[in-house]
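Comments concern the structure below.
So you know, we letter chains A, B, ... as the sequences are listed, proteins then strands, and number each from 1.
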Amino acid sequence: MAKVSIIVISHSKELADGIVDLVSQTKQEDVAIAAAGGTEDGEIGTSVDRITGAVESVTTEEGVLLLFDIGSALMNAEMALEMLPELEGRITIADAPLVEGAYIAAVEAGMGKTLEEVKKAAESAKEWKKIED
Amino acid sequence: MAKVSIIVISHSKELADGIVDLVSQTKQEDVAIAAAGGTEDGEIGTSVDRITGAVESVTTEEGVLLLFDIGSALMNAEMALEMLPELEGRITIADAPLVEGAYIAAVEAGMGKTLEEVKKAAESAKEWKKIED
Amino acid sequence: MELSAAVMKQWALRINAKMQEHKDKLSELDQAIGDGDHGHNMARGFQEVANKVEDASYDDIGAMYKDVASTLISKVGGASGPLYGTAFLKAANAWKGRDVLDSAVFTEGIEAAVGGIETRGKASLGDKTMLDVWIPVRDEMKEHGADAEKAAKTAEKEAEATIDRVAKKGRASYLGERSKGHMDPGAFSSQLVFEALAEVYKEGAS
Amino acid sequence: MELSAAVMKQWALRINAKMQEHKDKLSELDQAIGDGDHGHNMARGFQEVANKVEDASYDDIGAMYKDVASTLISKVGGASGPLYGTAFLKAANAWKGRDVLDSAVFTEGIEAAVGGIETRGKASLGDKTMLDVWIPVRDEMKEHGADAEKAAKTAEKEAEATIDRVAKKGRASYLGERSKGHMDPGAFSSQLVFEALAEVYKEGAS
Ligand SMILES: Nc1ncnc2c1ncn2[C@@H]1O[C@H](COP(=O)(O)OP(=O)(O)O)[C@@H](O)[C@H]1O
Ligand SMILES: Nc1ncnc2c1ncn2[C@@H]1O[C@H](COP(=O)(O)OP(=O)(O)O)[C@@H](O)[C@H]1O
Ligand SMILES: [Mg+2]
Ligand SMILES: [Mg+2]
Ligand SMILES: [Mg+2]
Ligand SMILES: [Mg+2]
């Protein structure tokens with residue numbers, strides 16, 4: 001069964017790859033997670049081409065959820081969406097904390113949730129109480 | 001002038017190092033940021049010894065703020081605090097999204113804010129609207 | 001029930017043997033509702049424990065279990081490291097200066113261990129964690145005195161009982177309802193801890 | 001004012017020359033309120049732009065600026081990449097099929113560019129971003145017709161005016177009040193863009 005895929009966009013290649021490692025450890029069946037970190041020269045920054053490349057490597061019928069680290073990464077994520085008009089309706093960007101959102105998104109995707117549900121779950125990571133009183 | 005230091009704790013060494021790279025790019029004067037990622041064998045996990053080591057490498061009069069990725073990292077962060085009783089009152093853990101919290105914490109530390117203020121700022125990263133309507 | 005330093009050392013070694021034996025099962029359980037490393041974590045951690053205590057000679061059981069604890073704390077990268085580490089550290093405090101533990105003192109250690117797990121992980125009974133095994137074992141010891149055989153039985157039953165629960169703490173809690181239908185890996189490793197106790201007690205007593 | 005394809009090519013090349021010349025200053029400005037890479041980003045991006053257009057021959061100014069845009073988009077890793085990229089892409093659409101731009105058509109391109117920056121970055125006038133330069137330049141062109149000399153003057157004045165503002169968008173916005181007292185790096189690179197225009201227009205016209 002097709003499941004939602006996840007793209008981790010970061011200014012740092014290490015950061016994005018590290019998140020993919022962390023999340024992949026939970027081995028959600030049939031959930032593809034791809035990193036789009038750093039520029040094509042390996043510098044700190046983001047790259048539309050890396051984002052579209054990552055999206056293309058994991059696109060499924062169920063769709064693709066993009067998460068990003070800070071501001072300018074969002075601009076490149078939005079450009080990537082514009083460059084992939086054929087995916088309209090099957091690709092969206094989450095307003096979610098990157099690490100926490102990616103973790104929970106992968107778990108929810110593993111449960112076979114829809115793109116909209118996975119996005120909501122990722123965004124709800126904002127409300128996590130990471131430390132209990 | 002002494003400023004608050006920041007420790008980035010993650011199950012993944014790459015993830016923690018990547019955040020330090022991303023944050024260090026903003027070169028906040030006199031703000032030390034240290035990574036405590038992965039286990040001592042380079043596996044996915046956290047290590048109390050790495051955390052205490054990172055803390056000791058950057059401790060200042062102003063204090064040290066710890067941020068972590070997911071659940072079990074918190075337990076090791078808390079153990080680290082217990083192992084460093086001499087730092088009581090100058091070390092605390094933020095309930096903050098890791099990447100976003102570390103970024104804003106570094107900026108605030110750079111402004112010479114107190115530990116309590118830096119912690120608050122990091123925690124407020126939860127409320128960031130990363131995408132505007 | 002009385003436990004000598006020799007038996008208490010055997011306990012640590014036997015826990016290791018059991019973790020090695022059941023490493024794959026522990027990881028499979030964790031694969032279903034976590035990140036699949038609990039077998040690795042336990043096997044790694046208790047192997048280091050065995051290496052540490054095997055050739056050392058301890059009169060003080062507290063000192064021995066302090067070593068057990070600090071080894072787990074520094075060698076296990078997952079939640080089980082600080083949890084078991086804190087458990088044995090607290091128990092070690094209760095056992096400090098003793099070269100033999102009677103039922104009451106052993107129970108005090110177990111009580112302290114449970115307190116340690118609770119403080120560290122902030123979980124409660126029924127949250128589908130290792131506490132679902134440790135709490136009933138402690139309660140029974142407090143009520144009827146320490147009985148290794150009974151503790152092992154209770155642990156087995158209570159580990160089994162985690163299957164139908166929904167996880168409220170730890171990684172499995174992210175799964176919500178999907179965590180139902182699988183035994184909690186930490187509950188199973190805790191079962192092994194008490195099975196090891198029953199075995200070495202029996203051997204030591206005979 | 002009329003701009004031939006030849007002058008429009010010179011514009012792109014002159015922007016590059018200016019970015020190389022002021023690379024350090026751009027980065028210093030960004031160091032104060034951002035991450036210190038704006039000089040690197042601009043120098044890198046426009047060097048690639050220059051490499052791309054230098055030896056190509058374009059009749060269609062739209063096609064030329066589409067190349068400028070896509071080069072910036074794919075070669076600049078910072079916010080300025082998608083922002084300048086989108087700006088020139090929108091302008092390119094307005095200039096499509098033209099081998100010469102009169103004042104009105106050039107202005108349409110600038111208007112489209114501003115719309116692109118606004119859509120991409122969601123900033124407004126006064127947010128201490130490159131828009132603080134682009135919007136006044138556009139307004140002036142719309143009102144009085146395109147005048148490269150005037151555009152450069154306005155750009156310089158408006159870049160200067162960003163010094164006293166508090167950043168509301170981009171990395172500098174994290175600094176809040178501390179962003180005051182420094183010129184916005186993107187405003188300064190935008191000033192250079194219009195200075196380059198004034199220079200090549202003057203040279204082309206003479
Ligand atoms: N907060 C907690 N309180 C008590 N036990 C917990 C808690 N979190 C996790 N556990 C126990 O730890 C076990 C998982 O251990 P392990 O797989 O080694 O760590 P991790 O989840 O970090 O990979 C769970 O099965 C559960 O029994
Ligand atoms: N949302 C935005 N809207 C308009 N301009 C912006 C926005 N964000 C940043 N900028 C401009 O980009 C400049 C920074 O560019 P640059 O340093 O290359 O990117 P980054 O901030 O990603 O390192 C800022 O000085 C500002 O003028
Ligand atoms: Mg695990
Ligand atoms: Mg683990
Ligand atoms: Mg910059
Ligand atoms: Mg940058």
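- For D:K66, the NZ atom is loosely surrounded, since the number of other residues' heavy atoms within 6.0 Å does not exceed 12.
- For CD of D:Q20, the number of neighbouring non-hydrogen atoms (other residues, nucleotides, ligands) closer than 6.0 Å is greater than 12.
- Surrounding CZ of D:R165 are more than 12 heavy atoms belonging to other residues, nucleotides or ligands, all under 6.0 Å away.
- For A:K13, the NZ atom sits in a loose shell: 12 or fewer heavy atoms of surrounding residues, nucleotides or ligands are nearer than 6.0 Å.
- Annotation for D:D59: atom CG does not count as buried by contact number, only 12 or fewer foreign heavy atoms lying within 6.0 Å.
- Residue-level contacts of residues 70-95 of chain D with chain A, in order of numbering, are D:I73, D:S74, D:V76, D:G77, D:G78, D:A79, D:P82, D:L83, D:T86; threshold 4.5 Å between heavy atoms.
- Taking A:E82, A:E40, A:H11 one by one and counting their heavy-atom pairs under 4.5 Å with chain D, the maximum is reached by A:E82.
- Against chain A, no residue from residues 187-196 of chain D qualifies, as none has a non-hydrogen atom under 4.5 angstrom away.
- Using non-hydrogen atoms only and a strict 4.5 Å limit, the part of residues 43-55 of chain A facing chain D consists of A:E43, A:G45, A:T46, A:V48, A:D49.
- Near-neighbour residues of residues 65-79 of chain A relative to chain D, defined by a heavy atom under 4.5 Å from a heavy atom of that chain, comprise A:I70, A:G71, A:S72, A:M75, A:N76, A:E78, A:M79.
- Using a 4.5 Å cut-off between heavy atoms, D:K122 touches chain A through its side chain atoms alone.
- In A:E29, the CD atom is not crowded: 12 or fewer heavy atoms of neighbouring residues, nucleotides or ligands sit closer than 6.0 Å.
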